[in-house]
> 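Structure in structure tokens, see below.
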There are 2 protein chains.
Amino acid sequence: MELKQPATVTLAEVAEAAGVGESTVSRVLRNHGSFSGKTRERVMAAVERLGYVPNRIAGTLASTGSRLVAFVIPSLSNIVFPDVLRGASAVLEENRYQAVFSVTDYDPGKEEALAAAMLAWRPAAVMLAGYEHTDGSVKMLRASGCRIVELLDLDGDALDIAVGFSNRAAGRESAAFLLKRGYRRIGYVGHDLNRDTRAGKRFSSFCETLETGGAPLVAREILAGASSVENGRLGLERLLARARGLDAVYFSNDDMALGGYFHCLAEGIAIPSKLAIFGYNGLDIGRAMPQPLSTIRTPRVATGQIAAQLVVANAPPQAVDLGFELIEGATA
Amino acid sequence: MELKQPATVTLAEVAEAAGVGESTVSRVLRNHGSFSGKTRERVMAAVERLGYVPNRIAGTLASTGSRLVAFVIPSLSNIVFPDVLRGASAVLEENRYQAVFSVTDYDPGKEEALAAAMLAWRPAAVMLAGYEHTDGSVKMLRASGCRIVELLDLDGDALDIAVGFSNRAAGRESAAFLLKRGYRRIGYVGHDLNRDTRAGKRFSSFCETLETGGAPLVAREILAGASSVENGRLGLERLLARARGLDAVYFSNDDMALGGYFHCLAEGIAIPSKLAIFGYNGLDIGRAMPQPLSTIRTPRVATGQIAAQLVVANAPPQAVDLGFELIEGATA
DNA sequence: ATGAAAGCGCTAACAG
DNA sequence: CTGTTAGCGCTTTCAT
């Protein structure tokens, strides 16, 4: 049935086989412009028979804009980014856009290099995390003419489109919640803040709010590696060994908080009576814990969706605040 | 300093500015062919001055092969796939390849449609999960002439390259381990097996091994949704409500197992004396639990790395077995 | 060592 | 409604 094709059927061959001109085939395939039903059938039959797969490389070059959307993300380990990609990819697929990605490891220099490589594909948009980019990146992105979307942060000036929420507000509300609950000796366990600037913003506004509330941060433990359950457990262990009498700990992320929770379980530290725990992200896992995790739920998937929708619609420059939700939980 | 560029500097303009021919610029930029040091400097200066970013769409069209690698993955929620992407993307970036992806939601029909869309970009390779593809997908992929890599499964015949491990062996070893430990009344909690065929393979060989061992599966609870901590908790709750006297439960994944663990914690069921728990994947989280999770650690990141390396090297067709590691843990 | 010219496969006017 | 004709921006012979 299926003959071995010469590996690459072109539009010209389809046109020839269907007995029509190339542009007609092009019109039919893109369902754009006008053509008769009969022509359409002939073309589709030829496409089918020859097993023709359009070459979008050629198509993109010939037309103006590409349907590539480039994601330059810090990490794939931090669940935040797969979630954003998930939201975006669903929308992009519906609109026949293709997602391209690369991973910076939270390194701005690498971000610049990868953004440059991405730009070479002339994408319709480049999606980046947050506002902290090198001057070189900014200049290059601005000059590229493609849409720029900054994700998951709203504390800064957007280059073009921004979608997310305020990390500063999240830090503030977390602190306010703990104060309201009556905790006064509060500590912090986090991962590398210089790299994850959004976590850094949460932390600094968290601290400010505590000070304003008259209960400044008692102690902190910053771990070198990435956010992880193991680091959370280790971090809390170290923090408690150093700082006595803490009544609550704020974690940079839910996975860190879960690690802290495990530490308490293992050590028999009663939660929240002896020690309260507060996280960030609102992962599903927090809901399934014996005591639901007190945390802030962030709209990660929605961030991706909205960002993709704005790009597809070629919306004007804007900053979209998706907000977040504080979940009281049972650990604080 | 930076003048507003006409949005799109071309190689021809660089050539003009440098006072050389287009092909010379092309040679210098790709560092291929011969040219004098002086020429090189002139070209690079022009590139710098004009802020030229090569157009890889045009480059790819003009040359033969593209440096795009397409991933058609079932999900981004299941951590397995971000892990694979992570391993692959590091290798691809080093070799100046670009990763493109789309998500099938475990739907073979959607896989076919997305694979077709991917092929339109004429990628160097298409990476897919496992062996279960529609006839249409297989025919199309075969005809495409690009490399095909099937990931995370080795129980079947590879189309071209396969990288992963045997899910059947994993199921078998899990069962053998539980039997060796003396468990005889064993249950199973899993997510949708028709969609996740790899989980299905583990489950069926798990059951076979139990039967051979004279302790056939006592009960199972299959949840409709995706693998998640909440489903694991719910699943175990339901299973225990129906089946009395179980002494061990095998979960389709570590997150499901963690949910089961949480259920036991909440209900005061002693682990492993009253009930043993066994997972699959070897997530970091399992190591941080108060009792390390008994599970099988799979080489997810390595799968991505090796797959990418084989593609970059244009290696001959082959199946690479990366194996897996049984972690005894403390929950079984 | 370097330039000229011919495409790569398609889209986009422009005529008919 | 449909065919012809130029390119899109680059790589690649092939001369020079």
Side-chain angles (χ1 to χ4, degrees), chain A residues 5-44 46-47 50-68 96 119-124 144-145, chain B residues 5-44 46-47 50-68 96 119-124 144-145:
Chain A
Q5 301 301 338
T8 172
V9 183
T10 68
L11 185 146
E13 300 178 64
V14 174
E16 162 114 77
V20 301
E22 296 187 28
S23 48
T24 300
V25 176
S26 178
R27 287 187 199 102
V28 170
L29 256 29
R30 286 174 303 133
N31 195 31
H32 180 280
S34 47
F35 42 82
S36 72
K38 198 180 304 179
T39 301
R40 185 197 149 76
E41 276 169 30
R42 285 232 303 277
V43 169
M44 293 316 275
V47 164
L50 268 46
Y52 172 65
V53 177
N55 183 332
R56 286 189 91 176
I57 298 278
T60 301
L61 181 61
S63 64
T64 42
S66 95
R67 283 179 176 254
L68 242 24
R96 309 194 329 125
L119 253 19
W121 289 100
R122 298 295 188 270
S144 74
Chain B
Q5 301 302 341
T8 173
V9 182
T10 67
L11 184 146
E13 300 178 63
V14 174
E16 161 113 79
V20 299
E22 296 186 28
S23 46
T24 300
V25 177
S26 178
R27 288 188 199 101
V28 170
L29 257 28
R30 285 173 306 130
N31 195 31
H32 180 280
S34 51
F35 43 82
S36 72
K38 198 180 303 181
T39 301
R40 186 198 147 77
E41 277 170 29
R42 286 233 302 276
V43 169
M44 294 316 275
V47 164
L50 269 44
Y52 172 65
V53 177
N55 183 331
R56 287 189 91 175
I57 298 278
T60 302
L61 179 60
S63 65
T64 43
S66 97
R67 283 180 174 252
L68 243 23
R96 309 193 332 123
L119 253 20
W121 289 100
R122 298 294 187 269
S144 74

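Each chain gets a letter, A, B and so on, in the order its sequence line appears, and its residues count up from 1.
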> Where do B/Glu13 and B/Thr8 come nearest, in terms of heavy atoms and distance?
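Between these two residues, the closest heavy atoms are OE2-O, 3.3 Å.
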> Looking at every heavy atom in both A/Val28 and A/Arg40, which two are closest together, and how far apart are they?
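Between these two residues, the closest heavy atoms are CG1-CG, 4.0 Å.
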> When the distance from CD of A/Glu16 to C1' of D/dG3 is rounded to whole Å, what number comes out?
14 Å
> Just by modelled atom types, is the B/Leu119 backbone N or O under 3.5 Å from a matching donor or acceptor in the B/Ser144 side chain?
no
> Give a yes or no answer on whether the side chain of A/Glu41 reaches the backbone of A/Lys38 with a donor-acceptor pair at less than 3.5 Å.
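A pair under 3.5 Å: no.
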> With a 6.0 Å cut-off (strictly less than), is the heavy-atom count around CZ of B/Arg67, excluding the residue itself, greater than 12?
yes
> Can any side-chain N or O of B/Ser63 pair as donor or acceptor with the backbone N or O of B/Gly59 at less than 3.5 Å?
yes
> Please list residues of residues 34-43 of chain A whose heavy atoms come under 4.0 Å from any atom in DNA chain C, ordered by number; otherwise none.
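Those residues: none at all.
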> Closest approach of B/Met44 and B/Leu29, non-hydrogen atoms and distance?
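Here B/Met44 and B/Leu29 meet closest at SD-CD1, 4.0 Å.
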> Look only at the side chain of A/Arg42 and the backbone of A/Ala18, and say whether a donor-acceptor pair between them is shorter than 3.5 Å.
yes
> For the helix from C/dA1-D/dT16 to C/dG16-D/dC1, figure out the bend between the end axes, five pairs an end, and round to 10 degrees.
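Computed angle between terminal axes is 30°.
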> Checking the side chain of A/Arg56 only, and the main-chain atoms of B/Ala120 only, is there a donor and an acceptor separated by less than 3.5 Å?
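No: the side chain of A/Arg56 does not pair with the backbone of B/Ala120.
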> Does a donor on one side chain and an acceptor on the other come within less than 3.5 Å for A/Ser26 and A/Ser23?
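Result is no, nothing qualifies.
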> Generate the contact string for nucleotides 4-16 of chain C. Rules: B means base contact, S means sugar-phosphate contact only, - means no protein heavy atom under 4.0 Å.
B--BBBBSBB---
